Undergrad: 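Structure in structure tokens, see below.
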Amino acid sequence: MTTELRRLRNYIDGEFRDAADGRTTEVVNPATGEPYATAPLSGAADVDAAMAAAEAAFPAWRDLVPGERQKALLKIADAFEARAEELIAAESENTGKPIGLTRDEEIPPMIDQIRFFAGAARMLEGRSAGEYMEGLTSIIRREPVGVCAQVAPWNYPMMMAVWKFAPALAAGNTVVIKPSDTTPASTVLFAEIIGGVLAELGHPQGVFNVICGDRETGRLMVEHSVPAMASITGSVRAGKQVAESASKDIKRVHLELGGKAPVVVFEDTDIPKAVEDISVAGFFNAGQDCTAATRVLVHESIHDEFVSALAKAAAETKTGAPDDEDVLYGPLNNANQLAQVTGFIDRLPAHAKVEAGGHRVGDKGFFYAPTVVSGLKQDDEIIQNEVFGPVITVQTFSDEEQAISYANGVEYALASSVWTKDHARAMRMSRALDFGCVWINTHIPLVAEMPHGGFKKSGYGKDLSAYGFEDYTRIKHVMTSLG
């Protein structure tokens with residue numbers, strides 16, 4: 001007996017639609033390895049339609065007083081809260097994530113972030129009004145940029161979509177968003193919920209549009225003549241392609257790309273506490289997090305004790321099915337990602353030692369064991385490149401100078417952490433570490449009020465916070481004669 005696959009559709013100008021040419025792709029549940037839905041493989045005609053809808057809706061949405069946009073976003077947050085169980089079910093099927101963790105760790109911050117940006121909608125003031133030349137007064141207007149083409153990733157499909165649409169809509173922009181081709185389900189559900197709120201309040205439906213598709217669909221969106229801004233969360237390769245495509249007509253670009261977070265553990269740290277926190281921050285979401293605590297640098301004097309404790313913590317960490325309440329993380333997102341993680345372990349140099357894990361779990365779905373690898377050198381492939389899996393590597397250092405050199409000695413610069421009881425040392429390290437975020441004696445907490453974004457090949461622009469909100473605005477100088 002063949003189970004009929006669910007049919008996901010694009011959402012354009014308030015209507016659910018198939019791709020204009022009827023093409024589809026299969027969507028696979030990572031926990032089973034089996035397809036459960038089809039989604040449109042959108043082409044140029046679909047992108048044109050979505051961009052036209054967003055462009056037509058922009059003037060009315062832009063010209064709303066900020067309090068009206070705030071009201072809409074607050075209603076969206078309330079609707080997400082009311083339909084949380086549907087969102088959890090869609091995301092669990094999308095990603096294979098544990099249901100309980102999705103309920104506890106993703107839904108509350110998502111709703112909080114929408115409400116944060118609802119408040120930010122009313123803070124679009126200019127910073128200056130005054131006379132800087134005799135007889136002339138200058139004012140600053142902060143305005144939305146226009147239509148935003150947004151591409152969300154597969155590691156946090158719901159959360160990253162919120163990070164994109166909430167500040168964009170709050171600032172008065174309209175949105176065309178594309179989820180990853182492997183995880184479209186929750187974003188399509190977003191469209192239903194947001195569309196309902198917009199209709200209830202009498203706003204244009206083209207304010208929020210969802211296009212499903214692959215990398216080529218994303219390229220068509222970014223190169224389209226309508227969007228004023230392109231925003232992507234994804235790999236460095238994808239970011240480079242978006243920047244190149246956007247450069248053809250000088251679009252604004254917002255890139256949140258890969259990471260290789262150093263976790264610098266000094267000899268005076270509380271080892272049991274550090275191991276407990278680092279193992280969770282490294283293995284959470286199967287390590288599929290660009291800020292994950294997966295590159296540990298530990299002082300040579302405590303190396304053996306630390307590695308032994310970390311390997312024990314890994315062995316006690318469980319992965320499994322979404323409805324299993326006793327697991328920390330679910331499967332890797334797709335077969336290609338499983339192959340990538342496996343490849344890194346298969347290619348380890350002879351001097352590396354697998355202290356825990358290092359293998360696939362089961363033969364159904366894309367599960368991988370919590371893994372710890374020690375004995376590594378700074379120029380090893382697994383140190384320099386993003387694994388994006390449940391793999392924690394360990395290196396040693398002898399002093400602060402070497403720790404800083406090793407920590408900064410990669411092409412990524414998104415997040416980092418320092419573990420020490422010495423406050424002055426922590427402050428020195430936070431200044432020296434070349435990363436967009438430095439956590440001290442913790443790793444991975446995020447709040448709506450603080451920015452998230454990196455340097456170097458981790459991209460540019462900020463998510464969350466007033467800084468992320470400002471990325472979706474432009475500055476206009478208005479000068480008037482007093483004569």
Side-chain angles (χ1 to χ4, degrees), residues 10 25 41-44 46-48 50-51 54-55 144-157 159-168 171 173-184 187 209-260 288-291 333-334 336-337 385-386 388 411-414 436 451-464 467-468 470-474:
N10 292 332
T25 58
L41 181 54
S42 300
D46 308 297
V47 173
D48 286 344
M51 294 301 173
E55 185 177 36
V145 297
V147 176
C148 296
Q150 302 183 319
V151 179
W154 49 251
N155 59 329
Y156 289 99
M159 185 90 71
M160 298 298 99
V162 166
W163 287 17
K164 295 193 180 305
F165 84 72
N173 304 285
T174 54
V175 164
V176 178
I177 188 167
K178 188 190 86 67
S180 167
D181 57 342
T182 69
T183 56
T187 312
N209 307 272
V210 174
I211 289 285
C212 300
D214 60 7
R215 189 177 302 158
E216 174 64 12
T217 311
R219 184 188 65 79
L220 291 169
M221 288 172 56
V222 172
E223 292 186 357
H224 200 277
S225 60
V226 165
M229 178 175 177
S231 171
I232 178 176
T233 299
S235 67
V236 173
R237 180 184 65 177
K240 288 179 178 178
Q241 291 170 344
V242 166
E244 182 178 357
S245 295
S247 71
K248 294 175 183 177
D249 53 4
I250 321 298
K251 278 187 182 67
R252 182 182 297 197
V253 178
H254 182 283
L255 302 175
E256 201 276 274
L257 308 177
K260 195 68 182 173
Q288 297 171 126
D289 189 316
C290 44
T291 63
N333 181 258
N334 53 74
N336 288 339
Q337 192 59 27
N385 297 313
E386 188 173 35
F388 222 57
E411 294 183 328
Y412 302 93
L414 182 58
H452 174 86
F455 315 134
K456 293 161 60 174
K457 287 190 177 178
S458 290
Y460 44 81
K462 298 296 183 184
D463 288 310
L464 303 177
Y467 300 99
E470 289 177 0
D471 279 357
Y472 286 95
T473 68
R474 65 184 189 182

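What you are looking at is a predicted structure, and each value in this text was computed from that prediction instead of being measured. Residues take their numbers from the sequence shown, with the count starting at 1.
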Undergrad: For Ala171 versus Tyr472, what's the shortest heavy-atom pair and its separation?
TA: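 For Ala171 and Tyr472, the tightest heavy-atom pair comes out as CB-O, 3.7 Å.
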
Undergrad: Quick one: CE on Met160 to SG on Cys290, what's the gap to the nearest 0.5 Å?
TA: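 It comes to 7.0 Å.
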
Undergrad: Quick check: closest heavy atoms across Ser458 and Ala413, and the distance to 0.1 Å?
TA: OG-N, 2.8 Å

Undergrad: Going from CH2 on Trp163 to CD on Glu256, what distance comes out if it is rounded to the nearest 0.5 angstrom?
TA: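 Trp163 CH2 to Glu256 CD: 6.5 Å, rounded to 0.5 Å.
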
Undergrad: Heavy-atom distance under 4.5 Å between the side chains of Val242 and Val151, does that happen here?
TA: no

Undergrad: I'd like to know whether Ser42 forms a side-chain hydrogen bond (donor to acceptor under 3.5 Å, both in side chains) with Asn10, so could you lay out the CA-CA distance, the side-chain angles of the two residues, the decisive distance to 0.1 Å, and finally the verdict.
TA: CA-CA 8 Å; Ser42 300; Asn10 292 332; 2.7 Å; yes

Undergrad: Among residues at least two apart in sequence or on other chains, which ones pass salt bridge (Lys or Arg N to Asp or Glu O under 4.0 Å) with Glu411?
TA: Lys457

Undergrad: Could you walk me through whether Asp289 and Tyr156 pass the side chain to side chain contact (heavy atoms under 4.5 Å, CB included) check?
TA: CA-CA 8 Å; Asp289 189 316; Tyr156 289 99; 2.9 Å; yes

Undergrad: What I want to check is whether the side chains of Thr182 and Asn333 have a donor and an acceptor closer together than 3.5 Å.
TA: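 Yes - a donor-acceptor pair under 3.5 Å links their side chains.
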
Undergrad: Show the nearest heavy-atom pair for residues Cys212 and Thr217, with the distance to one decimal.
TA: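 Minimum heavy-atom separation between Cys212 and Thr217: O-CG2, 4.0 Å.
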
Undergrad: At what distance, to the nearest 0.5 angstrom, does CD of Gln150 lie from CE of Met229?
TA: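 If we round to the nearest 0.5 Å, Gln150:CD and Met229:CE are 7.5 Å apart.
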
Undergrad: Just to verify, what does Asp48 make a side-chain hydrogen bond (donor to acceptor under 3.5 Å, both in side chains) with, not counting sequence neighbours?
TA: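 Expected list: His224.
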
Undergrad: Could I get the full list of side-chain hydrogen bond (donor to acceptor under 3.5 Å, both in side chains) partners for Thr233, not counting sequence neighbours?
TA: Lys164

Undergrad: Asn334 versus Gln337: any side-chain heavy-atom pair under 4.5 Å?
TA: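 The answer is yes, as the side chains (C-beta and beyond) meet within the 4.5 Å cut-off.
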
Undergrad: Residues in salt bridge (Lys or Arg N to Asp or Glu O under 4.0 Å) with Asp249, at least two apart?
TA: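 For Asp249 the salt bridge (Lys or Arg N to Asp or Glu O under 4.0 Å) partners, ignoring immediate neighbours, are Lys251.
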
Undergrad: Flag the pair Pro227 / Met221 as yes when at least one side-chain heavy-atom distance between them is below 4.5 Å, and no otherwise.
TA: no

Undergrad: Work out which heavy atom in Ala246 is nearest to a heavy atom in Val253; give both atom names and the distance.
TA: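 Closest approach of Ala246 to Val253, heavy atoms only: CB-CG2, 3.3 Å.
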
Undergrad: Any side-chain to backbone donor/acceptor pair from Asn209 onto Val175? Under 3.5 Å, distance only.
TA: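 A pair under 3.5 Å: yes.
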
Undergrad: Where the side chain of Glu386 meets the backbone of Lys260, is there a donor-acceptor pair that is under 3.5 Å apart?
TA: no

Undergrad: In Å and rounded to the nearest 0.5 Å, what is the OG to CG distance from Ser231 to Asp463?
TA: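 Between Ser231 OG and Asp463 CG, I get 6.5 Å after rounding to 0.5 Å.
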
Undergrad: Counting N and O atoms only, with roles assigned by atom type, does the side chain of Arg252 sit under 3.5 Å from a partner on the main chain of Thr473, one being a donor and the other an acceptor?
TA: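 Yes.
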
Undergrad: If the condition is salt bridge (Lys or Arg N to Asp or Glu O under 4.0 Å), which residues does Arg474 pass it with, not counting sequence neighbours?
TA: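 Salt bridge (Lys or Arg N to Asp or Glu O under 4.0 Å) list for Arg474, sorted by chain: Glu143.
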
Undergrad: Looking only at non-hydrogen atoms, find the nearest pair between Val222 and Ser245 and report the distance.
TA: CG1-CB, 3.8 Å

Undergrad: Ignoring hydrogens and geometry, is there a side-chain-to-backbone donor-acceptor pair from Lys178 to Ile211 under 3.5 Å?
TA: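 No; judged by distance alone, with no hydrogens or angles, the pair does not exist.
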
Undergrad: List the residues meeting salt bridge (Lys or Arg N to Asp or Glu O under 4.0 Å) with Glu223, not counting sequence neighbours, and say none if there are none.
TA: Arg219, Lys248

Undergrad: Once rounded to the nearest 0.5 Å, what's the spacing between atom CZ of Arg237 and atom CD of Gln241?
TA: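 Atom-to-atom, Arg237:CZ and Gln241:CD are 6.0 Å apart.
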
Undergrad: Kindly compute the distance separating CZ (Phe455) from CG (Leu414), expressed to the nearest 0.5 Å.
TA: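 Here the rounded value is 9.5 Å.
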
Undergrad: Identify the two heavy atoms, one from Asn173 and one from Gly146, that lie closest to each other, and give their separation to 0.1 Å.
TA: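 Nearest heavy atoms, Asn173 then Gly146: OD1-N, 2.9 Å.
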
